[in-house]
Colleague: 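Submitted below is the structure of interest, expressed as structure tokens.
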Amino acid sequence: MKAALLAFALFGLLAFASSTVHFQEDFDDSWESRWVYSTHDDASGNAGKFAHTAGKYFNDAEKDKGIQTSQDARFYKLSAKFPKFTNKDKPLVIQYSVKHEQSQDCGGAYIKVGPGPLDQEKFEGETKYNVMFGPDVCGSTKRVHFILNYKGENHLIKREVRPETDIYTHLYTAVLFPNQTYEIRIDNEVKQSGSLIEDWDLLAPKQIPDPALSKPADWVDEEYIDDPEAKKPEDWDNTPKQIADPEAKKPEDWDDELDGEWEAPMIANPDYQGEWQAPRVKNPAYKGPWVHPLIDNPDYVADDQIYVFENEYVGFELWQVKTGTIFDHILITDDLAEAEAFATGYFAEQQKGEKAAFEKQEEERNKAEEEERKKRDAETQEADDDDDDDDDEDDVADDHHGHDHEDL
């Protein structure tokens, strides 16, 4: 028993020792030494710069500092390199936080992880990446992107996951597992999971419709037909579509010589049944829908390495119309427990403290606005009182002036 426990403990230590954090960024004051701006949009004047800030409300002024988009209607292109690694036989965990202080209405907030070599100053939308993950909001379109590059082509997940759209910080986590499954988490809660093969169109289908076969010309797939024995009643067409209104009466002032012969207005005939149609009956020759026979797809190739990537950089390549998004707490690792520990540890504290700070600011703002309103009301009332006093003094002066004339 003791030997088994010891073996289990040793296995746990080995597993812990083998886990690797490939990249971690909490954007301290030295962050610019690790990140490089792309110059791709400099000539057009559309390049945006990030501000280093914790934002307007936060839990900890230093720990919560991230990089914030700061200029409206700009491209934001920034990348950082790390030692090349492959996630073969291990999970790939990508996690980072997003805070839309501006109540995002149109703009991306996703992150890219990709291979080398990368010329960071030329980093742009066409630069190859392995994974693109994160929220994207524009008008009514709100979704979490999860795009995988497979054999040179980018493939978007077929599942739809809605992002958080409030003004607080949220943690986005993407996980690729060696068994070809995945998870999407928001604030450590699994929002979507499944198979890489089923939820992306990465591989050719295993089976395809047999190209040598087509539906037989005599195949009957019409389930119902007109009753061949039904006949239209002989008097069916004797009922007119419209009739003279039986309740209409000629106006008393109607003059036949001047107005012509009076005719009642026409109305829809309540007895009219429309055009005759034979009743529908079950088709005795019906064979059901024709199903195209399938054959094995000669182009299908199984691949148990879809999840495997060689990664060497992380970057933001974004367009934002209305800016104010703060990015922070980037983690790339092969250990999901590492990501979970942060989510349930400091991040949970950050969310709670940040919300409390915002609510306190709102309370103080409302209080200040109320005091300002009262001050304006008091000033308005004082001005009104002064006007009333002036009016009273004018009335008294007029009275004295009248008496003076009477005395004369």
Side-chain angles (χ1 to χ4, degrees), residues 19-27 31 34-38 40 50 66-67 75-98 108-136 143-157 161 163 170-178 180-186 192 196 199-200 202 305-319 325 327-336 338-339 342-343:
S19 65
T20 304
V21 173
H22 301 290
F23 182 83
Q24 188 166 13
E25 179 64 80
D26 291 312
F27 294 103
W31 73 275
R34 297 180 292 277
W35 292 79
V36 176
Y37 278 105
S38 170
H40 184 264
F50 287 95
I67 54 173
F75 290 102
Y76 292 85
K77 296 172 183 177
L78 185 72
S79 64
K81 289 184 176 181
F82 46 76
K84 180 169 63 176
F85 74 92
T86 175
N87 61 305
K88 181 175 172 57
D89 299 326
K90 293 184 178 182
L92 173 60
V93 183
I94 301 170
Q95 180 169 274
Y96 72 115
S97 67
V98 178
Y110 35 78
I111 197 168
K112 290 182 175 181
V113 176
L118 173 67
D119 185 340
Q120 290 178 275
E121 291 189 350
K122 295 182 179 179
F123 178 54
E124 46 101 12
E126 297 301 315
T127 302
K128 183 179 179 181
Y129 61 85
N130 292 326
V131 179
M132 184 176 116
F133 170 69
D136 189 19
R143 70 176 301 165
V144 175
H145 283 302
F146 199 175
I147 299 175
L148 302 178
N149 185 283
Y150 184 68
K151 295 188 175 180
E153 293 187 11
N154 297 325
H155 299 265
L156 176 64
I157 189 173
V161 177
H170 294 282
L171 195 65
Y172 288 83
T173 311
V175 190
L176 300 177
F177 294 102
Q180 308 265 67
T181 61
Y182 73 95
E183 285 185 359
I184 296 174
R185 298 186 182 192
I186 302 178
Q192 184 67 54
L196 298 182
D199 291 353
W200 278 263
L202 302 172
Q305 303 293 302
I306 292 174
Y307 74 98
V308 178
F309 295 103
E310 271 196 358
N311 297 301
E312 198 171 327
Y313 80 84
V314 59
F316 295 102
E317 184 272 313
L318 311 167
W319 164 261
T325 302
F327 301 97
D328 199 4
H329 307 311
I330 302 172
L331 175 66
I332 301 175
T333 180
D334 59 16
D335 186 6
L336 181 56
E338 185 88 20
F342 175 76

Colleague: Look only at the side chain of T333 and the backbone of T20, and say whether a donor-acceptor pair between them is shorter than 3.5 Å.
Modeller: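 Yes, the answer is positive, given that a donor and an acceptor are paired below the 3.5 Å cut-off.
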
Colleague: Does the side chain of N149 pick up a donor-acceptor pair with the side chain of N130 at under 3.5 Å?
Modeller: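 Result is no, nothing qualifies.
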
Colleague: Heavy atoms only: give me the nearest V144-Y172 pair and the separation to one decimal.
Modeller: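 Distance-wise, the nearest heavy atoms are CG2-CE2, 4.0 Å.
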
Colleague: Would a 4.5 Å heavy-atom cut-off, applied to side chains only, mark I157 and I147 as touching?
Modeller: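 Of all side-chain heavy-atom pairs linking I147 with I157, none is under 4.5 Å.
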
Colleague: With heavy-atom distances below 4.5 Å as the criterion, would you say the side chains of K112 and L318 are in contact?
Modeller: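 Heavy-atom side-chain distance check fails, nothing below 4.5 Å.
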
Colleague: In terms of the angle between their ring planes, are W319 and F75 parallel, tilted or perpendicular, with boundaries placed at 30° and 60°?
Modeller: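 Because their plane-to-plane angle lies in the 30° to 60° range, the rings of W319 and F75 count as tilted.
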
Colleague: In Å and rounded to the nearest 0.5 Å, what is the CG to CG distance from L202 to L196?
Modeller: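 CG of L196 is found 7.0 Å from CG of L202.
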
Colleague: Students often mix this up, so state it plainly: with edges at 30° and 60°, are the rings of Y182 and W200 parallel, tilted or perpendicular?
Modeller: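 The arrangement is perpendicular - the two ring planes meet at more than 60°.
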
Colleague: Does some side-chain heavy atom of L118 sit less than 4.5 Å from a side-chain heavy atom of K81?
Modeller: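 K81 reaches L118 side chain to side chain.
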
Colleague: Return the set of residues passing side chain to side chain donor-acceptor pair (under 3.5 Å) with K77 (not counting sequence neighbours), or none when no residue passes.
Modeller: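 H40, D41.
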
Colleague: Please walk me through it: do I94 and F23 pass side-chain contact (heavy atoms from CB on, under 4.5 Å)?
Modeller: CA-CA 9 Å; I94 301 170; F23 182 83; over 6 Å; no

Colleague: For L78 versus F123, what's the shortest heavy-atom pair and its separation?
Modeller: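 Taking L78 first and F123 second, the nearest heavy atoms are O-CE2, 3.7 Å.
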
Colleague: What do the steps show when you test T127 against Y129 for side-chain contact (heavy atoms from CB on, under 4.5 Å), and what is the final call?
Modeller: CA-CA 6 Å; T127 302; Y129 61 85; over 6 Å; no

Colleague: Answer whether the closest heavy-atom distance between the side chains of L176 and F309 falls below 4.5 Å.
Modeller: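 Yes; the side chains approach each other to less than 4.5 Å.
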
Colleague: Closest heavy-atom contact between Q192 and V161?
Modeller: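 Distance-wise, the nearest heavy atoms are CB-CG2, 3.5 Å.
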
Colleague: Side chains of T325 and V98, heavy atoms from C-beta outward: is any pair under 4.5 Å?
Modeller: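 SC-SC contact between T325 and V98 confirmed.
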
Colleague: What are the two closest heavy atoms between L171 and A343, and how far apart are they?
Modeller: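 The answer is CD2-CB, 3.6 Å.
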
Colleague: Checking side-chain contact (heavy atoms from CB on, under 4.5 Å) for the pair L92/I332: CA distance, chi angles, key distance, verdict?
Modeller: CA-CA 7 Å; L92 173 60; I332 301 175; 4.1 Å; yes

Colleague: Does either side chain, that of E310 or that of T86, offer a donor lying less than 3.5 Å from an acceptor on the other one?
Modeller: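 No, because no side-chain N or O of E310 sits under 3.5 Å from a partner of the opposite role on T86.
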
Colleague: In terms of heavy-atom contacts, does CD of E153 have more than 12 from other residues, nucleotides or ligands at under 6.0 Å?
Modeller: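 At most 12 heavy atoms, drawn from other residues, nucleotides or ligands, come within 6.0 Å of this atom.
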
Colleague: Give a yes or no on whether the ring-centroid distance for F146 and F133 is below 6.0 angstrom.
Modeller: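 They qualify: ring centres under 6.0 Å apart.
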
Colleague: So L331 and Q24, do their side chains get closer than 4.5 Å, heavy atoms only?
Modeller: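 Touching, per the 4.5 Å side-chain cut-off.
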
Colleague: D334 vs N87, test: side-chain contact (heavy atoms from CB on, under 4.5 Å). Steps then yes/no.
Modeller: CA-CA 7 Å; D334 59 16; N87 61 305; over 6 Å; no

Colleague: Looking only at heavy atoms, what is the nearest atom pair of I186 and P163, with distance?
Modeller: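 I186 and P163 have their closest heavy atoms at CD1-CA, 4.3 Å.
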
Colleague: Could I get the full list of salt bridge (charged side-chain N to carboxylate O under 4.0 Å, His left out) partners for D199, not counting sequence neighbours?
Modeller: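 For D199 the salt bridge (charged side-chain N to carboxylate O under 4.0 Å, His left out) partners, ignoring immediate neighbours, are R159.
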
Colleague: Do you know which two heavy atoms are closest between D328 and G66, and how far apart they sit?
Modeller: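 Closest pair (atom of D328, atom of G66, distance): CG-CA, 4.0 Å.
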
Colleague: Taking C-beta and beyond as the side chain, do K128 and P115 meet within less than 4.5 Å on heavy atoms?
Modeller: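 Heavy-atom side-chain distance check passes, below 4.5 Å.
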
Colleague: Sequence neighbours left out, what passes salt bridge (charged side-chain N to carboxylate O under 4.0 Å, His left out) with E312? Give chain and number order.
Modeller: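 With neighbours one apart ignored, the set is empty.
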
Colleague: Taking ring pair (Phe, Tyr, Trp, His ring centres under 6.0 Å) as the test, write out the residues that go with Y110, two or more places apart.
Modeller: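 Counting only residues at least two positions away or on another chain, Y110 forms a ring pair (Phe, Tyr, Trp, His ring centres under 6.0 Å) with H145.
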
Colleague: Sub-3.5 Å donor-acceptor pair from the side chain of Y307 to the main-chain atoms of D89, do we have one?
Modeller: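 A pair under 3.5 Å: yes.
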
Colleague: Please report the C-alpha distance between E121 and S38 in whole Å, then the side-chain angles of each, then the deciding distance to 0.1 Å, and finally whether the side chain to side chain donor-acceptor pair (under 3.5 Å) criterion is met.
Modeller: CA-CA 4 Å; E121 291 189 350; S38 170; over 6 Å; no

Colleague: Quick one: sort the F82 and F85 rings into parallel, tilted or perpendicular, breaks at 30° and 60°.
Modeller: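 Tilted, since the angle between the ring planes falls between 30° and 60°.
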
Colleague: Please name all residues satisfying side chain to side chain donor-acceptor pair (under 3.5 Å) with E25, sequence neighbours left out, ordered by chain then number.
Modeller: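 Residues passing side chain to side chain donor-acceptor pair (under 3.5 Å) with E25: R34, W35.
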
Colleague: Short question: side chain of Q120, backbone of S79 - any donor-acceptor pair under 3.5 Å?
Modeller: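 Side chain of Q120 to backbone of S79, a donor-acceptor pair under 3.5 Å: yes, one is there.
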
Colleague: Can you list the residues that meet the side chain to side chain donor-acceptor pair (under 3.5 Å) rule with Y313, with sequence neighbours excluded?
Modeller: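 With sequence neighbours excluded, Y313 shows a side chain to side chain donor-acceptor pair (under 3.5 Å) to no residue whatsoever.
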
Colleague: Quick one: are V175 and I184 in side-chain contact, heavy atoms under 4.5 Å?
Modeller: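 Counting from C-beta outward, V175 and I184 never come under 4.5 Å.
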
